[in-house]
Amino acid sequence: MCGIVGLHLRDPELYPRLGRLLETMLRQVVERGPDSAGVAVYGDRRRCPRGHAAVSVLLGSAGGAPVDGEGTDPARAGLEAAVRAALPGSPELLVTAAGATTVVAAPVDVDTLVDAVRRAVPSALVVGSGRDLTVYKGIGDPVALAATYDLANAQGWQGLAHTRMATESAVNPEGCHPYAVGPDQCLVHNGSFANHATIRRELAAEGVRFDSENDSEVGARFVAAQLAQGADLDKALRLLCERFDGFYTLLVTSDDGFAVVRDAIACKPAIIAETPAWVAMASEFRALADLPGIDTARIYEPEPERVYAWRR
Ligand SMILES: NC(=O)CC[C@H](N)C(=O)O
């Protein structure tokens, strides 16, 4: 299984409610993915102020494995000092702790901040970066994790959540979705890619590096490579359908986009609902049932191998 929910808001009046709406949606897909949960939020200016880049990291001793609660505090204090020292001009940082995830924001460009975090704390696992995006991940009960992310109080224009039932790699922080491997990009997956090892080898030969053994990461790295070469989300996902075998419902988001695609036999469930105020997607309808205006929404199942994409 695995549960996916996503919400792309068209009506700015709903932006303050993004987190509350997403949290309500996530609760309905907990049984689909009890192992771990990840969340992405676009446009929360208290977590990533305007003019800043934000990098989301998992801290820990072994391969970025997170520790929880107070145990993270010395690591976070060390991170702040070390990242600041690694940045030109030592700018003020905004550091927000949310469960196992720490978000570092600074008034620099995204690559500069990612590079400074990696140099300052080589063991940190970078799980997201961008000018608009914050990502939170962890292992365990999805509802408890969402509370540690303070998801209910998140604001913004777009977000998604994933609950994982592991199939292709271990239950560990590296295996959590979303895979946010390019700036302001996220991919979440329900299913299994059959030929991910082959595509991983091809991408690795081109110099692409991986953080996990997970099949979904290969999809995310493939999409990121297409976007870096100038494709839009629609084209990147059409190319993915040509290249990847297996089962998939994917939700992919970017700095201005929200896109859904399913495999050729639409093996994994998905439902889309649209109103003038929002576009929403979920693994099951019950996750959409409490959205404002659902009674008059246009509701449909995405067709096999057809890319559905929306732009801000
Ligand atoms: N149950 C799923 O859909 C799993 C998704 C993906 N194959 C993973 O292992 O994370």
Side-chain angles (χ1 to χ4, degrees), residues 1-6 25-40 56 58 63-66 100-101 125-128 135-143 145-146 160-181 185-201 203 208 210-224 237 240-241 243-253 259-272 281-287 301-302 304-305:
M1 292 218 273
C2 277
I4 299 176
V5 297
M25 295 170 79
L26 176 142
R27 284 176 179 271
Q28 298 301 322
V29 294
V30 168
E31 296 86 351
R32 296 190 63 85
D35 298 342
S36 28
V39 163
S56 304
L58 297 179
T101 306
L125 179 66
V126 173
V127 296
V135 172
Y136 308 89
K137 293 188 182 192
I139 297 169
D141 170 56
V143 172
L145 286 166
L160 58 78
H162 183 269
T163 59
R164 181 171 185 231
M165 181 178 285
T167 60
E168 306 302 303
S169 72
V171 177
N172 58 25
E174 294 87 342
C176 297
H177 302 214
Y179 284 101
V181 304
Q185 297 164 23
C186 280
L187 177 145
V188 288
H189 175 204
N190 175 200
S192 342
F193 292 126
N195 57 344
H196 67 98
T198 305
I199 301 170
R200 176 186 293 265
R201 278 194 293 274
L203 290 172
V208 175
F210 291 83
D211 292 328
S212 75
E213 299 301 315
N214 189 272
D215 60 328
S216 312
E217 185 185 355
V218 181
R221 300 270 175 202
F222 179 90
V223 169
L237 290 177
L240 180 143
C241 290
R243 188 67 192 90
F244 282 71
D245 294 330
F247 303 134
Y248 52 90
T249 285
L250 299 173
L251 171 62
V252 181
T253 51
V260 177
V261 70
R262 299 167 88 187
D263 62 66
I265 57 168
C267 182
K268 297 293 176 186
I271 185 110
I272 294 173
M281 177 274 170
S283 300
E284 297 178 19
F285 173 76
R286 63 185 177 135
E301 274 190 53
E305 283 197 329

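Both counts, for ligands and for their atoms, begin at 1 and track the order of listing. Positions are given from 1, in the same order as the sequence printed here. The basis for the numbers below is simple: all heavy atoms, side chains too, and nothing from hydrogens, waters or symmetry mates.
- For a threshold of 3.5 Å applied to N or O pairs, the pair formed by G175 and ligand 1 contains no separation below that value.
- With atom 3 (O) of ligand 1 as the reference point, the heavy atom nearest to it among H162, E217, M1 is part of M1.
- Checked by atom type and distance alone, the side chain of S216 never pairs as donor or acceptor with a backbone atom of H189 at under 3.5 Å.
- Taking CG of N195 as the reference point, atom CZ of R243 lies at 5.5 Å (rounded to 0.5 Å).
- The structure places CG of D215 at 8.5 Å from CZ of R200, a figure rounded to the nearest 0.5 Å.
- Counting the atoms of ligand 1 from 1 in the order shown, those under 4.0 Å from a heavy atom of C2 are 1 (N), 2 (C), 3 (O), 4 (C), 5 (C).
- Counting the atoms of ligand 1 from 1 in the order shown, those under 4.0 Å from a heavy atom of M165 are 1 (N), 2 (C), 4 (C).
- Aromatic ring pairs are classed by plane angle as parallel below 30°, tilted from 30° to 60° and perpendicular above 60°; the pair F244 and F222 is perpendicular.
- Given atom 5 (C) of ligand 1, the protein heavy atom at minimum distance is G191 O, 3.2 Å.
- Within ligand 1, counting atoms from 1 as listed, the ones closer than 4.0 Å to a heavy atom of D215 are 6 (C), 7 (N), 8 (C), 9 (O).
- Listed for the S283 side chain is a donor-acceptor partner under 3.5 Å among the backbone atoms of I4.
- By the 3.5 Å distance cut-off applied to N or O atoms, A166 is not counted among the residues near ligand 1.
- The main-chain N or O of V208 is never found under 3.5 Å from a side-chain atom of R221 such that the two would form a donor-acceptor pair.
- For ligand 1, the polar-atom distance check finds no N/O of S192 at less than 3.5 Å from any of the ligand's N/O atoms.
- The shortest separation from a heavy atom of K268 to ligand 1 is not under 4.0 Å, leaving the residue out of contact.
- Protein heavy atom nearest atom 10 (O) of ligand 1, with residue, atom name and distance: R164 NE, 2.6 Å.
- A donor-acceptor pair is defined here as one N or O able to donate and one able to accept, closer than 3.5 Å; such a pair exists between the side chain of T101 and the backbone of K137.
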